[in-house]
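Each ligand, and each atom within it, is numbered from 1 in the order the structure gives.
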Amino acid sequence: MKTQVVIIGGGPSGLLLSQLLHRKGIDSVVLERRTRDYVLSRIRAGILEVGFVNLMREAGVGARMDKECFIHDGTVISYGDQQFRIDFEDLTGSHVVVYGQTEVTRDLYDAREAMGGKIVFNTDHVEIHDADTDKPYVTYEVDGTEHRIDCEFVAGCDGFHGVSRQTIPLTVRREYEKVYPFGWLGVLSETPPVHDELIYASSERGFALCSMRNANLSRYYIQCSLSDSPEDWTDKAFWAELKRRIPTEAAERLVTGPSIEKSIAPLRSFVTEPMRWGRLFLCGDAAHIVPPTGAKGLNTAASDIHYLYHALVQFYETGDPEGIVRYSEKALARIWKAERFSWWMTNLLHRFPDQSEFDLKMQRADIEFLRENRAAQSVLAQNYVGLPF
Ligand SMILES: Cc1cc2nc3c(=O)[nH]c(=O)nc-3n(C[C@H](O)[C@H](O)[C@H](O)COP(=O)(O)OP(=O)(O)OC[C@H]3O[C@@H](n4cnc5c(N)ncnc54)[C@H](O)[C@@H]3O)c2cc1C
């Protein structure tokens, strides 16, 4: 088989790139290790920056999102029983959009299928060869049969545990990592959200987040120990703990119900450099991870796709390799700022096991300064709605 771009990974990064390239007449093949149903069953991000939303529209897959999404022009931050609102619209003239990653991925799969896009599922033993030459190729197996695709470029969109990053030699690759000493226990429930905007709650018992997917689908998280497992937490225990961490008036309004999904995600900051090696490009979680506190995971994936898509279009339309050569530099400049914001939000709102009384006072002073100071709120709001591409 031959194609212009092999895309490894059929998550949001890979699908979005494939769909955008298709609309510019650039051919690609997506290799996905799992089935479509498996990918769609993963409950993950839910907050989209306007930059991401615009890319979805440019890819021709914005119609359902525009109809069903919710616009959030602010968010609530609470500490103990006190709370205040960060008004994104007033501070930045922009907003974020609530539309689940599952729905984004479903729209992209539907569009790729409608346009005859080539997606190979259940691939095993994917290997990238000769990425540092002008003639890379990728081999993989399906049901024990080996296949080979010759191509011009390879996009590594295969998430944190994929093969693409590992293909870059250790003599070239440098990794930066911070692992946080806690996780997030998340519950999805078919109940109305407790509030029409997100509530980020800092409490003596740890962090909590009240989020949502739609008017009757809520997503709640509580900071938990890394040694916990979802089975340790009955629904009753989860709701009781959540109520203790959010302001009393919100706890009294909270509608509880059976969880339809419950999982624990560890928190990590991670960046690999460079994001290009020859004709191999890393995108999204394959290159970087953020703790979910700043809602940046999916959005940083989108900015990588923006840079790579424009670089490839520039190359195929004009022969100019400038975007390709500078892909890593451009993507990383934005990634590190999103990493900083996610790390800062995590430090601001969580309880750390080794925090001293002094550290707690500093954290409290930081939150109160944010409450009182418009410039500080503006910094948070600009980062939350998303820095420009
Ligand atoms: C549990 C969890 C919860 C999250 N919650 C949030 C959140 O609340 N907010 C937020 O902003 N972000 C969140 N994120 C992050 C966000 O979901 C990711 O940033 C986003 O999924 C990145 O998209 P991606 O396409 O780069 O990677 P992925 O979504 O990981 O997709 C990679 C794809 O590659 C496939 N793959 C892997 N290896 C191979 C291989 N060898 N060959 C072929 N295919 C392969 C995988 O099956 C997968 O489908 C969460 C992530 C996780 C893991």
Side-chain angles (χ1 to χ4, degrees), residues 6-18 29-49 52 96-102 104-105 108-109 119-128 138-142 147 149 154-167 183-188 198 200 209 211-213 219-221 230 261-270 275 281-305 308 331 335 338-339 341-342 345-346 384 386:
V6 171
I7 299 173
I8 303 176
S13 303
L15 295 171
L16 182 58
L17 180 64
S18 156
V29 174
V30 176
L31 303 180
E32 168 55 50
R33 187 174 54 171
R34 307 285 192 172
T35 62
R36 174 189 159 130
D37 285 349
Y38 183 93
V39 175
L40 288 177
S41 70
R42 294 189 294 222
I43 307 295
R44 290 184 171 180
I47 304 286
L48 309 182
E49 294 173 0
F52 189 115
V96 290
V97 163
V98 175
Y99 191 65
Q101 177 168 339
T102 313
V104 166
T105 314
L108 286 164
Y109 269 125
I119 304 175
V120 185
F121 291 101
N122 296 314
T123 55
D124 268 331
H125 306 299
V126 171
E127 272 187 60
I128 304 164
V138 176
T139 54
Y140 61 96
E141 285 179 20
V142 175
H147 301 263
I149 315 183
V154 180
C157 303
D158 48 353
F160 185 65
H161 300 287
V163 294
S164 300
R165 187 175 67 253
Q166 312 298 340
T167 305
W184 277 19
L185 170 65
V187 156
L188 191 69
L198 271 60
Y200 284 86
L209 173 62
S211 184
M212 66 200 66
R213 293 295 179 267
R219 183 73 166 155
Y220 295 104
Y221 298 96
E261 195 265 359
K262 197 186 282 167
S263 53
I264 292 183
L267 267 65
R268 179 196 305 269
S269 299
F270 175 88
M275 285 172 60
F281 305 89
L282 302 181
C283 306
D285 280 18
H288 41 76
I289 299 283
V290 284
T293 327
K296 290 283 161 255
L298 193 52
N299 293 304
T300 47
S303 66
D304 295 349
I305 297 305
L308 181 54
I335 292 306
E339 290 282 345
F341 176 65
S342 306
M345 280 277 277
T346 305
Y384 199 90

K.L.:
Using a strict 4.0 Å cut-off to heavy atoms of Cys157, name the atoms of ligand 1 that fall inside it.
P.N.:
32 (C), 33 (C), 34 (O)
K.L.:
If you measure from each non-hydrogen atom of Lys296 to ligand 1, which part falls under 4.0 Å: side chain, backbone, both or neither?
P.N.:
backbone
K.L.:
Can you see whether Tyr140 has Arg33 sitting over its ring - NZ or CZ less than 6.0 Å from the centre and within 45° of the normal?
P.N.:
no
K.L.:
Answer side chain, backbone, both or neither: which part of Ile47 comes under 4.0 Å from ligand 1, heavy atoms only.
P.N.:
neither
K.L.:
For atom 10 (C) of ligand 1, which protein heavy atom lies nearest, and how many Å away is it?
P.N.:
Ala45 CB, 3.1 Å
K.L.:
Under 4.0 Å, heavy-atom basis, I'd like to know which part of Asp285 is in contact with ligand 1: side chain, backbone, both or neither.
P.N.:
both
K.L.:
Would His161 count as being in polar contact with ligand 1, using the rule that some N or O on each side must be under 3.5 angstrom apart?
P.N.:
no
K.L.:
As an exercise, identify every atom of ligand 1 less than 4.0 angstrom from a heavy atom of Ile8.
P.N.:
42 (N), 43 (C)
K.L.:
Which ligand 1 atoms, with their elements, are less than 4.0 angstrom from a heavy-atom of Val39?
P.N.:
49 (O)
K.L.:
Can you tell me which portion of Phe121 lies within the under-4.0 Å heavy-atom range of ligand 1? Options are side chain, backbone, both, or neither.
P.N.:
neither
K.L.:
Which heavy atom of Arg34 sits nearest to which heavy atom of Val39, and what is that distance?
P.N.:
CB-CG2, 4.3 Å
K.L.:
For ligand 1, find out whether one of its N or O atoms is nearer than 3.5 Å to an N or O atom of Arg33.
P.N.:
yes
K.L.:
From the options Ala301, Ala265, Ser211, select the one whose nearest heavy atom is closest to atom 1 (C) of ligand 1.
P.N.:
Ala265
K.L.:
Please work out which of Gly46, Ser13, Gly284 has its closest non-hydrogen atom nearest to atom 24 (P) of ligand 1.
P.N.:
Ser13
K.L.:
Classify the ring geometry of Tyr221 against Trp184: parallel below 30°, tilted from 30° to 60°, perpendicular beyond 60°.
P.N.:
tilted
K.L.:
Measuring from atom 29 (O) of ligand 1, which candidate in Arg44, Arg36, His125, Glu127 has the nearest non-hydrogen atom?
P.N.:
Arg44
K.L.:
Mark the output for Tyr221 as yes if a heavy-atom distance to ligand 1 is under 4.0 Å, and as no if none is.
P.N.:
yes
K.L.:
Any ion pair linking Glu339 and Lys296 (charged N to carboxylate O, less than 4.0 Å)?
P.N.:
no
K.L.:
Would Glu32 count as a contact residue for ligand 1, given that I'm defining contact as a non-hydrogen atom of the residue lying under 4.0 Å from a ligand atom?
P.N.:
yes
K.L.:
Applying a heavy-atom cut-off of 4.0 Å, say which part of Ala286 lies close to ligand 1: side chain, backbone, both or neither.
P.N.:
neither
K.L.:
I want to confirm something. Looking only at heavy atoms, which of Gln101, Arg34, Glu49 is nearest to atom 21 (O) of ligand 1?
P.N.:
Gln101
K.L.:
Classify the contact between Pro12 and ligand 1 as side chain, backbone, both or neither, using a heavy-atom distance cut-off of under 4.0 Å.
P.N.:
both
K.L.:
Is it true that Arg219 lies under 4.0 Å from ligand 1, counting heavy atoms only?
P.N.:
no
K.L.:
At a non-hydrogen distance cut-off of under 4.0 Å, which region of Asp158 contacts ligand 1 (side chain, backbone, both, or neither)?
P.N.:
both
K.L.:
Which of the numbered atoms in ligand 1 are under 4.0 angstrom from any heavy atom belonging to Ala295?
P.N.:
11 (O)
K.L.:
For the backbone of Ser211 and the side chain of Arg219, can you confirm whether one donor and one acceptor N or O come within less than 3.5 Å of each other?
P.N.:
no
K.L.:
Under a 4.0 Å heavy-atom limit, does Thr300 contact ligand 1 with its side chain, its backbone, both, or neither?
P.N.:
neither
